[in-house]
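Worth knowing before you read on, the calculation uses all heavy atoms, side chains too, and leaves out hydrogens, waters and symmetry mates. Starting from 1, each residue takes its place in the sequence as its number.
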Amino acid sequence: MSEVDPETDAVKVASGARDRVHFEEEALELADQVYRVARRLVSSREEAEDLMQETYIRAFRSWRSYTPGTNLRAWLLRILTNLNIDRGRKVQRTPDVQPLEEGDYFLYNKLEQSTGEANLDEERVLERLSQDDVVDALAAVPHNFRDVIVLVDIGDFSYQDAAQILDIPIGTVMSRLHRGRRILKGELANVATEDS
């Protein structure tokens with residue numbers, strides 16, 4: 001029967017921790033170069049920052065698959081490039097979504113135009129919408145936006161929790177929630193004014 005040597009295990013854990021810290025330090029030294037490449041791949045600073053952040057998240061998660069002594073910059077840029085390709089595929093599959101022009105009061109403005117009545121209160125608007133109408137309007141919201149709305153607005157998850165569940169940055173959660181709510185308001189406005 002073999003005995004487990006606690007000292008040997010402690011040495012292995014400490015060695016692994018040092019290796020990880022060393023890897024992270026080397027990877028972060030290349031952050032400027034990775035950002036410059038990301039900036040050339042996408043159209044805005046925000047997208048480049050998101051792409052770079054996702055690259056480092058993926059690199060830090062799979063740091064053990066990097067072979068020390070090989071080209072770390074090339075390894076990071078391969079991750080970046082693959083993520084950008086995946087992002088491009090998602091964009092192609094996502095329907096084109098135009099922002100609403102009338103802002104947060106789109107539903108009220110649309111109802112006012114259709115009925116000619118001003119100062120519609122919330123109860124009167126809600127009377128026009130059945131539960132099925134709300135479900136149908138939510139179903140019309142594109143998938144990425146709908147997931148965030150369901151988690152945050154219906155499930156009462158925090159932005160941080162939603163980000164962890166969906167495995168996306170918290171800024172992306174906030175952006176998708178804002179856009180998703182605007183799309184949902186437009187859908188609800190269309191449903192509420194169909195009968196009038």
Side-chain angles (χ1 to χ4, degrees), residues 20-21 23-63 65-66 70-110 137-190:
R20 180 176 178 121
V21 168
F23 169 81
E24 289 176 0
E25 287 172 349
E26 283 185 33
L28 290 173
E29 287 174 6
L30 299 169
D32 288 340
Q33 295 174 40
V34 172
Y35 176 76
R36 279 195 298 270
V37 173
R39 187 65 183 100
R40 288 187 181 103
L41 291 174
V42 296
S43 59
S44 71
R45 280 185 50 221
E46 292 79 17
E47 287 179 305
E49 290 168 359
D50 285 347
L51 188 58
M52 182 177 146
Q53 180 180 13
E54 190 63 33
T55 298
Y56 274 92
I57 289 170
R58 185 149 313 162
F60 289 163
R61 280 186 190 151
S62 58
W63 71 277
S65 67
Y66 170 70
T70 60
N71 189 342
L72 179 58
R73 179 177 177 270
W75 189 76
L76 288 170
L77 293 179
R78 176 175 290 164
I79 293 171
L80 177 83
T81 304
N82 289 340
L83 286 170
N84 187 53
I85 290 168
D86 291 345
R87 185 186 65 81
R89 288 177 183 152
K90 284 181 188 175
V91 168
Q92 286 178 339
R93 289 188 305 248
T94 304
D96 186 28
V97 179
Q98 298 297 322
L100 301 175
E101 296 298 324
E102 296 184 47
D104 290 336
Y105 298 101
F106 182 77
L107 175 59
Y108 294 100
N109 294 342
K110 188 132 180 168
L138 186 59
V141 174
H143 175 33
N144 287 340
F145 303 114
R146 183 174 58 239
D147 289 349
V148 176
I149 290 172
V150 168
L151 288 173
V152 175
D153 289 342
I154 298 172
D156 288 329
F157 286 96
S158 68
Y159 292 164
Q160 181 66 39
D161 291 340
Q164 287 177 341
I165 291 167
L166 297 172
D167 196 27
I168 57 176
I170 195 167
T172 305
V173 168
M174 295 187 304
S175 172
R176 287 182 183 175
L177 184 62
H178 175 73
R179 291 180 63 198
R181 285 174 176 164
R182 291 181 74 186
I183 295 166
L184 181 59
K185 287 175 187 174
E187 293 295 331
L188 288 170
N190 291 334

Worksheet item: Can you tell me how far CG of N84 sits from OG1 of T55, rounded to the nearest 0.5 angstrom?
Response: 9.0 Å

Practice prompt. Determine whether more than 12 heavy atoms belonging to other residues, nucleotides or ligands lie under 6.0 Å from atom CZ of R45.
Written response: no

Response to the item:
In this structure, CZ of R146 is separated from NE2 of H143 (nearest 0.5 Å) by 6.5 Å

Worksheet item: What orientation do W63 and F23 show, parallel under 30°, tilted 30 to 60°, or perpendicular over 60°?
Response: tilted

Worksheet item: Who are the salt bridge (Lys or Arg N to Asp or Glu O under 4.0 Å) partners of D153, not counting sequence neighbours?
Response: R181

Item to complete: Could you list the residues that satisfy side-chain contact (heavy atoms from CB on, under 4.5 Å) with A137, not counting sequence neighbours?
Response: L184, E187, L188

Discussion item. With a 4.5 Å cut-off on side-chain heavy atoms, are I165 and D147 touching?
Written reply: no

Worksheet item: Roughly how far apart are R58 CZ and D167 CG, rounded to 0.5 Å?
Response: 8.0 Å

Worksheet entry | side-chain contact (heavy atoms from CB on, under 4.5 Å) partners of Q160, counting only residues at least two apart | S158, Q164, I170

Worksheet item: Just by modelled atom types, is the A48 backbone N or O under 3.5 Å from a matching donor or acceptor in the R39 side chain?
Response: no

Worksheet item: If only atom types and distance count, is the side chain of T81 paired as donor or acceptor with the main-chain N or O of L77 below 3.5 Å?
Response: yes

Discussion item. I'd like to check the side-chain contact (heavy atoms from CB on, under 4.5 Å) partners of L28; sequence neighbours left out, ordered by chain and number.
Written reply: Y56, F60

Worksheet entry | Close side-chain approach of L72 to Y66, heavy-atom, < 4.5 Å | yes

Discussion item. Side chains of L151 and V173, heavy atoms from C-beta outward: is any pair under 4.5 Å?
Written reply: no

Worksheet item: How long is the span from the CG atom in D156 to the CG atom in D161, to the nearest 0.5 Å?
Response: 11.0 Å

Worksheet item: Which pairs pass salt bridge (Lys or Arg N to Asp or Glu O under 4.0 Å) with one or both residues in residues 29-38, sequence neighbours excluded?
Response: none

Worksheet item: How long is the span from the CE atom in M52 to the CG atom in L41, to the nearest 0.5 Å?
Response: 13.0 Å

Worksheet entry | Set of side-chain contact (heavy atoms from CB on, under 4.5 Å) partners for S43, sequence neighbours left out | E47

Worksheet item: About how many Å separate CG of L51 and CD of Q53, when rounded to the nearest 0.5 Å?
Response: 10.5 Å

Discussion item. Looking at every heavy atom in both I168 and R176, which two are closest together, and how far apart are they?
Written reply: CD1-NH1, 3.6 Å

